[in-house]
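Atoms within each ligand, like the ligands themselves, are counted from 1 in listed order. What you see is a predicted model, and the numbers here were worked out from it, not measured in a lab. Residue numbers run from 1 in the order of the sequence given.
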Amino acid sequence: MLTQSSGGVAALPDHLPAPVDNPPDVPAAPELDLGHHGDVEAVPGLVDLAVNVRQASMPDWLADPITAALGDLARYPDSAAARAAVAARHGREPAQVLLTAGAAEGFVLIAQALRGIRRPVVVHPQFTEPEAALRAAGHRVERVLLDPGDGFRLDPAKVPVDADLVLIGNPTNPTSVLHPAADLAALARPGRVLVVDEAFADTTLAPGVAGEPESLAVRSDLPGLLVVRSLTKTWGLAGLRVGYLLGAAELLDRLAAVQPLWPVSTPALAAATACAGPEAVRAERQIAADLAADRDHLLARLAPLPGVRVVGRPASAFVLIHHPGADAVRRALRERGWAVRRGDTFPGLGPDWLRIAVRDPATTDAFTTVLAEILEG
Ligand SMILES: Cc1ncc(COP(=O)(O)O)c(C=O)c1O
């Protein structure tokens, strides 16, 4: 029987335990809104520089298999082909791939499956969902805060030696910093699960390097490594929900054990297969090169603006800026039709930070003209 609470909201049936804000023995909710994401800021009517999903029409090699999969929806999804394709792309065995409904599901699986973890550490500033998923599962999360004065460079000495789960992004959202693969690899050790969120790895490039410069995706030799990948950013598939985890088969088996049945739909599996093919990988490299040029253009436009500081060397599809009173600037931008991502919900940042998506030069020019007027006005 459902009961009615005093606020008029239907309460839980009597035989179920009352919901708890925090599981027992877990610190109170974090002071920041870890569930805040850029999509909330990019409301219709505003130009969206808040969400880091590429805005381009889908190539035929991707659209065609997704569309064809719509004719096959009566069958339950079969992930075997997509798993094999993703494994081949990263030089791994299919058993070292777990397909997920976006990278976001990967964080939940890690948090839910690895209940025995005693000292989970999240390296911030970074995407807040991994910490939110850990907290929701009842873990006591410790934060390691990287220093803006040091360009948010990873200082491995800050990670407690007995941390048995370490979570870091590479390149990191929102700082756009790309950590050296060797520094991350040095964090892996027996008895620790090292989670590297590579949701934006496909946006990175380096001179003379054919592939993604600092990715650990191929490193099946590192103990406890879990690489989280997303296909929603570069390929504009945020609404389709598709990503995957790479890691040792035994570790992935534990995560798969808490995964719902058929979590990735047939069209999403078709997308995963297509995005693992050679055509996709070639296209990704070109997109990363174009993005680098667009990012340089944005950085050049930001450089002369009064009080605006870019920390470190941005390497991904977004740029983090510091400006005293940036949050007021963000609100003024909204009034002029532009949405950028607030920085104050990220641990280690605050109201003086904003994240700006890299867009085409014309959009960047229009945006920085308005930004200059606000800052100089
Ligand atoms: C760094 C990072 N990791 C993971 C995700 C989640 O991606 P997905 O859409 O694949 O769940 C996001 C989304 O914004 C992100 O910024």
Side-chain angles (χ1 to χ4, degrees), residues 33-42 48-55 82 86 97-111 122-134 136 146 152 154 166-179 184 195-204 212 214-217 226-246 255 259-260 263-265 267-269 271-272 275-276 284 291 314-320 339-343 345-349 353 355-358:
D33 177 7
L34 297 179
H36 183 89
H37 297 295
D39 55 341
V40 179
E41 305 190 37
D48 173 14
L49 303 190
V51 178
N52 298 313
V53 171
R54 196 170 67 96
Q55 299 169 335
V86 170
V97 175
L98 183 63
L99 287 144
T100 56
E105 192 200 6
F107 303 128
V108 174
L109 299 181
I110 291 164
V122 179
V123 181
H124 283 291
Q126 78 144 302
F127 185 52
T128 47
E129 219 38 49
E131 178 172 328
L134 287 166
L146 301 184
F152 295 110
L154 172 64
V166 176
L167 223 147
I168 186 164
N170 208 37
T172 307
N173 171 16
T175 61
S176 204
V177 168
L178 184 63
H179 301 296
L184 298 181
V195 180
V196 182
D197 176 2
E198 293 195 357
F200 289 97
D202 59 1
T203 65
T204 61
E212 299 165 356
E214 307 297 344
S215 171
L216 294 183
L226 277 177
V227 176
V228 181
R229 303 278 301 203
S230 170
L231 297 172
T232 72
K233 316 294 183 187
T234 292
W235 298 118
L237 298 176
L240 191 63
R241 313 304 307 130
V242 58
Y244 50 91
L245 297 169
L246 303 169
L255 305 191
Q259 196 174 29
V264 186
S265 69
L269 291 170
C275 291
E284 269 176 12
L291 177 72
S316 191
F318 41 87
V319 167
L320 182 70
V340 296
R341 172 66 160 92
R342 62 195 302 161
T345 64
F346 288 105
L349 297 185
W353 297 88
R355 192 192 67 200
I356 302 165
V358 175

One pair to check against side chain to side chain contact (heavy atoms under 4.5 Å, CB included): Val228 and Val195. What are the steps and the verdict?
CA-CA 7 Å; Val228 181; Val195 180; 3.6 Å; yes
Carefully, step by step, assess Asn170 and Leu216 under the rule side chain to side chain contact (heavy atoms under 4.5 Å, CB included).
CA-CA 9 Å; Asn170 208 37; Leu216 294 183; over 6 Å; no
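Between Phe127 and Phe107, the ring planes are tilted. Angles from 30° to 60° get that label.
The backbone N or O of Ala217 sits less than 3.5 Å from a side-chain atom of Ser215, completing a donor-acceptor pair. The main-chain N or O of Leu34 is found under 3.5 Å from a side-chain atom of Thr128 such that the two form a donor-acceptor pair.
Contacts of ligand 1 (protein heavy-atom distance under 4.0 Å) are Gly102, Ala103, Ala104, Phe107, Phe127, Asn173, Asp197, Ala199, Phe200, Ser230, Thr232, Lys233, Arg241.
For Thr172 and Gln126, the side-chain atoms include no donor-acceptor pair closer than 3.5 Å.
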